[in-house]
2 protein chains.
Amino acid sequence: MAYDLNKFFKAISDPSRVKIMELLKDKELNVSEICQHFDMQQPSVSHHLSVLKNADIVAHTKRGKEVYYRLDSICITSCCNGFQEQFMDIEKLGKA
Amino acid sequence: MAYDLNKFFKAISDPSRVKIMELLKDKELNVSEICQHFDMQQPSVSHHLSVLKNADIVAHTKRGKEVYYRLDSICITSCCNGFQEQFMDIEKLGKA
DNA sequence: TTTATACATAGGAATGTATCTATATATTAA
DNA sequence: TTAATATATAGATACATTCCTATGTATAAA
């Protein structure tokens, strides 16, 4: 899949969204569980989740009433490495 | 040096700034030379350069009337890798 | 010293973004 | 079917960002 780098970096340019990503680091959480870690209202959290989803940083699964979100670590790796490679000399490429 | 990740990602979340970074990939350029690659006015380019400078992505040297900008590739590597590591499992760390 | 050139800064208009409240939709429980 | 719960969407407001024009500052040239 081809990730949109500009969308990715815009998405991670917000501290609340990075915090959500950290919460999802090694476990799935539903929206209410994520909300408990913030002072924001639930619609704001939902908005941030939709930005992350739109950048392919998180995926979600609906189970019953709840929607569970999880991190897509391939996206993170791919975007961070892909961006770096844009600025590497040709001879340095492929060393990662 | 400790880079500000949020500042870094905000800085690279703009296509014009990424284009400046690409222009500086393997050579120093002064502001006028950079301007030639854009439809923007010079003050807008100057503004983008100051955002990049503020995030430690570029450094500059004044020579005569001209100010030459260059890319700090350590910053790029350090921020991209540093961010990724935030979301890696402990056992995976250190493999890059 | 005056003029020209290179760049930066100030201030404003248009647009984008984050947050809120109110409400819609989907699912489960009564 | 009706009520309750979980989440998403809509619309408004405040603030941030991008771009512009106008102008300031530093350096070099005349």
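We name chains A, B, ... by the order of the sequence lines, and we start the count at 1 in each one.
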ask   = Among the clusters formed by ILVMFWY side chains lying less than 4.5 Å apart, do B:Tyr3 and A:Phe87 turn up in the same one?
value = no

query = Phosphate oxygens OP1/OP2 of C:dA8: is one of them under 4.0 Å from a side-chain N or O of B:Tyr69?
reply = yes

inquiry  = To check you understand the geometry: which heavy-atom pair defines the closest contact between A:Ser13 and A:Pro15, and what is its length?
reply    = O-CD, 4.1 Å

query = To the nearest Å, how far apart are A:Glu66 CD and D:dA4 C1'?
reply = 13 Å

task = Using whole Å, report how far CG of B:Asp14 lies from C1' of C:dG16.
result = 12 Å

inquiry  = Minimum heavy-atom separation for B:Leu23 and B:Lys27, please, with both atom names.
reply    = O-NZ, 3.3 Å

query = Among residues 19-29 of chain A, which contact DNA chain C at a heavy-atom distance under 4.0 Å?
reply = none

remark   = note: B:Tyr68, atom OH; C:dC7, atom P; distance rounded to Å ~ 8 Å

note = Tightest non-hydrogen contact, residues A:Ala55 and A:Cys75, listed as O-SG, 3.7 Å

ask   = So do B:Gln86 and B:Leu5 actually touch side chain to side chain, heavy atoms under 4.5 Å?
value = yes

remark   = Closest non-hydrogen atoms of B:His60 and B:Arg70, given as atom of the first, atom of the second and distance, are C-NH1, 3.9 Å

Closest approach of A:Phe38 to A:Ser16 (non-hydrogen atoms, all atoms of both residues) = CZ-O, 3.6 Å

ask   = Which heavy-atom pair separates A:Val58 from A:Leu49 by the least distance, and what is that distance?
value = CG2-O, 4.1 Å

Residues in contact with DNA chain C, drawn from residues 47-57 of chain B - heavy-atom cutoff 4.0 Å = none

request  = Using heavy atoms and a sub-4.0 Å distance, could you list which residues of residues 3-12 of chain B are near DNA chain D? By number, please.
outcome  = B:Lys10

Provide a list of protein-nucleic acid N or O atom pairs under 3.5 angstrom, restricted to nucleotides 28-30 of chain C.
none

query = When you measure from every atom of DNA chain D, which of residues 32-44 of chain A have a heavy atom less than 4.0 Å away?
reply = A:Ser32, A:Gln42, A:Pro43

Sidechain-backbone polar pair: A:Lys19 side chain, A:His37 backbone, donor-acceptor under 3.5 Å = yes

message = As an exercise, state the distance from SG of B:Cys80 to CD of A:Glu85, rounded to the nearest 0.5 Å.
response = 10.0 Å

inquiry  = Under the criterion ring pair (Phe, Tyr, Trp, His ring centres under 6.0 Å), I'd like the reasoning laid out for A:Phe9 against A:Phe83: C-alpha separation, chi angles, the key distance, then a yes or no.
reply    = CA-CA 10 Å; A:Phe9 290 123; A:Phe83 185 76; 4.9 Å; yes

message = Please identify which of these residues, A:Ile34, A:Leu71, A:Ile57, meets the side chain to side chain contact (heavy atoms under 4.5 Å, CB included) condition with A:Ile20.
response = A:Ile34

Set of side-chain contact (heavy atoms from CB on, under 4.5 Å) partners for B:Asn30, sequence neighbours left out = B:Ser32, B:Glu33, B:Glu66, B:Tyr68

Linked, directly or transitively: B:Ile12 and B:Val51 (ILVMFWY side chains, under 4.5 Å) = no

message = Applying a strict under-4.5 Å side-chain criterion to I, L, V, M, F, W and Y, I'd like to know whether A:Leu52 and B:Met88 cluster together.
response = no

